[in-house]
Amino acid sequence: MGQVFVRRTTAALLFLVAVLCIVCVALLVLLLAPDWRDTGGHTTSGRLQEKTTTTTTTTGKPQPPPQQATTSKTITTTEEGPKEPWEANYRIPTTTLPHHYDLYLHPDLDTGRFSGRVGILIGVTSPMTFLVAHIKFMNVTRTELRTQTGEVIPLKDQFEYEPNQFWVVLPRSTLSPGNYTLHLEFEGSLDGSIVGFYRSVYTTKAGEKRSIATSKFQPTDARSAFPCFDEPSFKSTFTTTLVKPSTGYIALSNMPIQHEVTDAPGNGLTEVVFEKSVPMVTYLACFIVCDFEYIQQLTKDGKEFRVYATSDQIHRANYSLHLGVNVLNYFEDYFQVEYPLPKQDMIAIPDFISGAMEHWGLITYREANLLYDDLTSSSYNKQRVAAVVAHELAHMWFGNLVTLEWWDDLWLNEGFASYIEYKGVANYEKDWDMEGQFLVDDLQRVMGLDAQLTSHPIVQPVNHPDEITEIFDVISYSKGASVLRMLENFLGSERFRQGVSNFLRRYIYANAVTRDLWQELEQVAPQGLPDIARVMDTWTRQMGYPVLQVSVSKSDKTKLEVHQSRFLSDPQAVSADDSPFGYQWDVPVTFVSDVTPRQQHWLLRDMDKLMLKKPAGARWIKFNVDQYGYYRVNYEPAMWEDLISVLRENPEALNATDRGNLLDDAFYLAGSGQLPYPTVLSLVAYMTKETHYIPWTTVAKHLDEMGRLLRNTKAYPYFRKYMVNLVSDHVEKLGWSDTGSHLERRKRMVLMFLACSNGYEPCLEGAYQRLSQWTKDSDFYIPPNTRSLVYKFGMRKAGVEEWEVMLDRYVKENNAQEKIKLAAGLASTKEDWIAQRFMRLAANESIVRGQDYFSALNNLAKNPWNTHMVWNYVKSHWMELVGRFNLNNRYLGRMVKYVSTRFASPDALIDIQEFFAKYPEAGSGARARQQALEEVETNIRWIDNHADLLHSWFLKQQQQQTNQ
C-alpha cells in the first residue's frame, strides 16, 4: 500500500475542524432536544419504561392551572450510570421534615375506589433541589408546591420513582430553607389487599353483605393510602377529614370528631372533620367508615373508652371493654405518664391481616382477638383477648408516645409491649399466674429459635423494605420481652418502673434508640451493679444465648464452678465469628437450694469462670431461679440426680416455674447431645404427680415434637404407649367436664390433646361421640373448652357426612373464634380426598377469608398424613400464591417454613432446597427459608443420633410394665 504524507500544519488544521464539528453537533442536540423531565423522554442516566396516564381529579376540588396539572409518570427501572439522589437512597432526606398533614379521604364503598387530597407542611432545613414523599399503588392526579405565604412554586417535573416508592417533585429553582406546603391529589383502590386503605366485607346474620372501609399501615403501607413521609423518625400532626354516606354509617379516626358537613362533597354524603392530632408517625394514623355499634365506659380520668363491633357481635364486647379500661388506668399509674389522647376506641375488623394494630386512639383487632363470651369462647380465647388488648394498650406509651428512630430498634416497641402486657393482664386477672405463663408462651418458645445459626440479634440492621416486614418476628417480640424481664429481675421492679417512666417523660412525642433506654435505667441502678448498657448490649446486639455448665470444683469440694458457652441446638454447626462480644454474655447467675434462699452473682463475659460457695448440707441446688435468666443450665450428673429425686419425692419443693424450667432445659440439652435422654425421661417420670398447667405445657410441647420426629421410626409405637401410660390417669380424673379454675381448664386441654393424639381410645371415642351428636343436632351443646378437641379428634374417626355438616356450619358461622375451631376440625380429616377438597376450597375467599388462608394450610400440614399434600400444593401453586399475597407478606414466608420444617428426611431436604433454588426470590421470607433448611437438617441429625437409643429405652419401659 502506498504511503500518504500530510504536512503538520495541515493535520493540525484538520484536527481542529473535526473538534469544532463535534462541538457544534453536540450543542445543536442539546438546544433542540426537549428536557426529559418535561416531556417524558429518556435520560442520560438510563431511566426507562415511563408509564403516562392523564387523569382528572375526583375529589370535587377545582382543576389546577394547566402548568401544574400532573401527567402521572412512573420510573420503574434504572440502568448503569450516574444516580439521582432519589435513586441512590430509599430513605427520605432528613433535611425535609413533615410538620403537619391536612388530609381529605373519600372512600367509595360501592365502587371500591378512594380519592383524596393532602397538604403536607414541610420544613426544609438546607437548600434542596428536589422533594420526595412515599406513595404506593396509587395515582397522583395533581401536584402543587407553595411557599409559606401561598405563592405557587413553578415545577420542572413530578413523577413516581417506583423502586423506592417515591413521588419526586423537582422545582425549577433550588428551595431555600423554610416551610413549604406540598399539595397532592390522588386516587387508588380499596380492593385487592387487606393492608393500607381497604374494603372489608362481612355478612350479617340475616345474610346481607355489608362493606366498610378501614386501614392498617404498619410498617410501610400508609403510603398506599395517601402520599406521606412514611418512616418512623418523622412525627407530624394530622387534621383529617373523612367522607361517609350520610345515613347508616359512622366515621372514625385517631381523634374525636370536631364537626360534620352534610351534603358534602355531594348529596347523600357527609364530611367528618376530626380534631387535630398529637404528633405521631404515619403508620399510627387510622381511617374507618363503617356501620358498627359501640359500648362505652369512662376511664378514671373521665375519658371515653369505646369498643366497636358489628351489630351482630357487639354483645361480645363487654369483657374487652371492662378489661381495657382497667388496663389503661393501670398503665397510667405504672408509667406515671397520663394517657395523652382525649378518647380511646377499640374496634373488631372482619378482615384484618395482623392480630391487632396499635393505631393511636383507635386500635384495630381481628374479631377473634377482641370479642369474647362465656358460651362460645374457650379459656384460651379469653386469655388471648386479654393479652392482645393489654399489648396494644401498652403501645399507647411504648411505640406511640415514644417511637423507635428506625426499624432496627423495633424491639423497643414490640418487646416492651410483649412484656408489659403480662403486668396489665395480671392486674385484672389475678389468679392466672401470668408471671409463670410468660415462660411457656414467650420465653421457652423463642429460646428454641434463638439456638439456631439463622437467628438474629434483637437490634438488627435494616437495609431494605423487605427486611422491615421480616423483623416483625419472635425475636423482636418474645426475646425482647424476655431480656426485659431478666433486666427487671436483676435491677429491681421499682427501679425498673422508675427508669421506664423517666424514659417516657424524656422522649415524649419524640423518637429514641435502644441506648436511650439503657441510659435512663442506668440513672436508677443501685451501686455495685454492672453498667446497664454493657450488660444489655451482650443480649441485644448478638444473637443466641449461653448455657451455663455447673459442677462441683475438683480442687475444692466446697465450691461450685460455673462456665458459659454459646448454646446451639446443633453444637457441631459451624458458626460465623460475627459477634462483637465473641458469643460471651454478662450473665446474672441466680440459684436456690433446699437450705438457702435465692442468691445472685455475675458471670461477666471477660471472666473465665464463676466460683461460688456450695450451700452446706444442701440436698439439691437449682440455678436460674424462676427462669428469669435468658440462658440454659446444665449440671454435672450427680446434681441432675439430686433434682430428679426431689421432684419424684416432693414436686412442690420447687415452684411450678422452676419445674417447667428444668424440663425445658433438659429436653433441649438432650436434643443437642449435651444430656443423655434417659436422664430427661427419668425427670419426666415425676409428671404422674404433676398438677400444674405450666410444667405440663412445657413437657407437652417437647413430647409432641418427639413423637412427630419418631413417627417414621421403629420407636414410634412404643413411644405412643409410653405417652398413654403417662397421661391416662390424669385424663380419667379430669374427664370431659368443663370445670375448674382458668388454669385447670387449660391444663385439661393439654392432657387430653396428648392422650388423643397418641391414640388413647377412650379419648378418641369420647370426641367422636360428641361430634356425631353435634352433627345430628345443631342444638347439642359442646362446652367451649372441649370444643376444639371434639372437632379435631372427632373428625379423625368421622366420615364425609359429618365433614359436610361441619363445612356448612363453618361457612355460616359469624363468630371468628368458633370459625377457627371449626377450621381446625375440617383440616383433621384422615380422608385424603376430603383434605384435598378443603385445600382447594380454602383458596375461595367466599369460604375462607384471606386472613385465614395460611392458617388453613398450616392446620392441614400439621396432620402428618396431609403434610406432603400441602407441600406439593405450595410448590405447584407458588406463583399463584405470590401473585395473590406478594413476597412482602411475611405470613407467606412463614407458612413455607411451617410446612417444610415438618420433614425429617434427606430426600425431603433436597426437595426443599430445589424448590428454593427454583424460586430464589423470597422477599420478607428470606430468613424463614434459612431457618427452615437449618431445622430440617437438625431433624435429620436428631433421628440419626437418638432414634435407636429411644427405641431401646421405650421398649424396655414397655417390657417392665408388662412384667409388673
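Worth knowing before you read on, the calculation uses all heavy atoms, side chains too, and leaves out hydrogens, waters and symmetry mates. Keep in mind it's a predicted model, so treat the numbers as computed, not measured.
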Any idea how Trp397 and Phe335 line up, ring-wise: parallel (<30°), tilted (30 to 60°), or perpendicular (>60°)?
tilted
Do Tyr422 and Asp442 have side-chain N/O donor and acceptor atoms under 3.5 Å apart?
yes
Salt bridge (Lys or Arg N to Asp or Glu O under 4.0 Å) pairs, two or more places apart, involving residues 684-694
Arg659-Glu690
Quick check against the 3.5 Å criterion: does Asn655 have a side-chain atom that pairs as donor or acceptor with the backbone of Thr657?
yes
dist Tyr628:OH -> Gln600:CD (nearest 0.5 Å) comes out at 12.0 Å
side-chain contact (heavy atoms from CB on, under 4.5 Å) involving Arg495 - partner list, sequence neighbours excluded
Leu491, Val524, Pro526
Could you state the interatomic distance from CD1 (Ile644) to CG (Leu662), rounded to the nearest 0.5 Å?
9.5 Å
Tyr668 meets the ring pair (Phe, Tyr, Trp, His ring centres under 6.0 Å) criterion, sequence neighbours left out, with His702
Could you tell me how the ring of Phe496 sits relative to the ring of Tyr419: parallel (under 30°), tilted (30 to 60°) or perpendicular (over 60°)?
perpendicular
Between Asn329 and Asp333, is a side chain to side chain donor-acceptor pair (under 3.5 Å) present by the stated rule, with each step listed?
CA-CA 7 Å; Asn329 290 337; Asp333 292 338; over 6 Å; no
Verify the distance criterion only: is there a donor paired with an acceptor across the side chains of Ser855 and Asp852 at less than 3.5 Å?
no
Residues forming a side-chain contact (heavy atoms from CB on, under 4.5 Å) with Asn427, sequence neighbours excluded
Asn326, Tyr330, Lys430
Applying ring pair (Phe, Tyr, Trp, His ring centres under 6.0 Å), can you list everything that pairs with Phe503, at least two apart in sequence or on another chain?
Phe398, Tyr507
Check: Tyr545 ring centre within less than 6.0 Å of Tyr631 ring centre
no
Begin with the C-alpha distance, continue with both residues' side-chain angles, and end with the deciding distance and a verdict on side chain to side chain donor-acceptor pair (under 3.5 Å) for Thr299 and Gln344.
CA-CA 9 Å; Thr299 69; Gln344 177 62 64; over 6 Å; no
Quick one: side-chain contact (heavy atoms from CB on, under 4.5 Å) partners of His730, sequence neighbours excluded?
Trp696, Leu751
According to the ring-ring contact (aromatic ring centres under 6.0 Å, His included) rule, which pairs have a member within residues 344-376, sequence neighbours left out?
Tyr319-Tyr372
Going by the rule disulfide bond (SG atoms under 2.5 Å apart), which residues pair with Cys756 if we only count those two or more places apart in sequence or in a different chain?
Cys763
Rounded to the nearest 0.5 Å, how far does CD of Glu367 lie from CG of Asp351?
8.5 Å
Could you grab the distance from atom CZ of Arg894 to atom CZ of Phe854, nearest 0.5 Å is fine?
11.5 Å
Got a sec, which residues hit ring pair (Phe, Tyr, Trp, His ring centres under 6.0 Å) with Trp432, two or more places apart in sequence or on another chain?
His742
Strictly by modelled atom types, are Trp539 and Ser482 linked by a side-chain donor-acceptor pair under 3.5 Å?
no
Would you say that Leu371 contacts Val385 through its side chain, given a criterion of any heavy-atom pair below 4.5 Å between the two side chains?
no
I'd like to check the ring pair (Phe, Tyr, Trp, His ring centres under 6.0 Å) partners of Tyr898; sequence neighbours left out, ordered by chain and number.
none
Quick note, salt bridge (Lys or Arg N to Asp or Glu O under 4.0 Å) partners involving residues 482-491, not counting sequence neighbours, are Lys423-Glu488, Glu435-Arg485
With a 4.0 Å cut-off on N to O distance, would you call Asp473 and Arg890 a salt bridge?
no
For Arg497, is there an ion pair with Glu494 - N to carboxylate O distance below 4.0 angstrom?
yes
Applying side-chain contact (heavy atoms from CB on, under 4.5 Å), name anything that partners Arg384, two or more places apart in sequence or on another chain.
Asn369, Tyr380, Val388
Apply side-chain contact (heavy atoms from CB on, under 4.5 Å) to Val446 and Tyr630, showing your working.
CA-CA 10 Å; Val446 71; Tyr630 190 74; 3.8 Å; yes
When rounded to the nearest 0.5 angstrom, what distance separates CG in Leu370 from CD in Gln817?
9.5 Å
I want to check something: taking the side chain as every heavy atom from C-beta on, are Thr697 and Gln437 in contact at a cut-off of under 4.5 Å?
no
Distance in Å, Glu358 CD paired with Met396 CE, rounded so as to fall on 0.5 Å steps:
6.0 Å
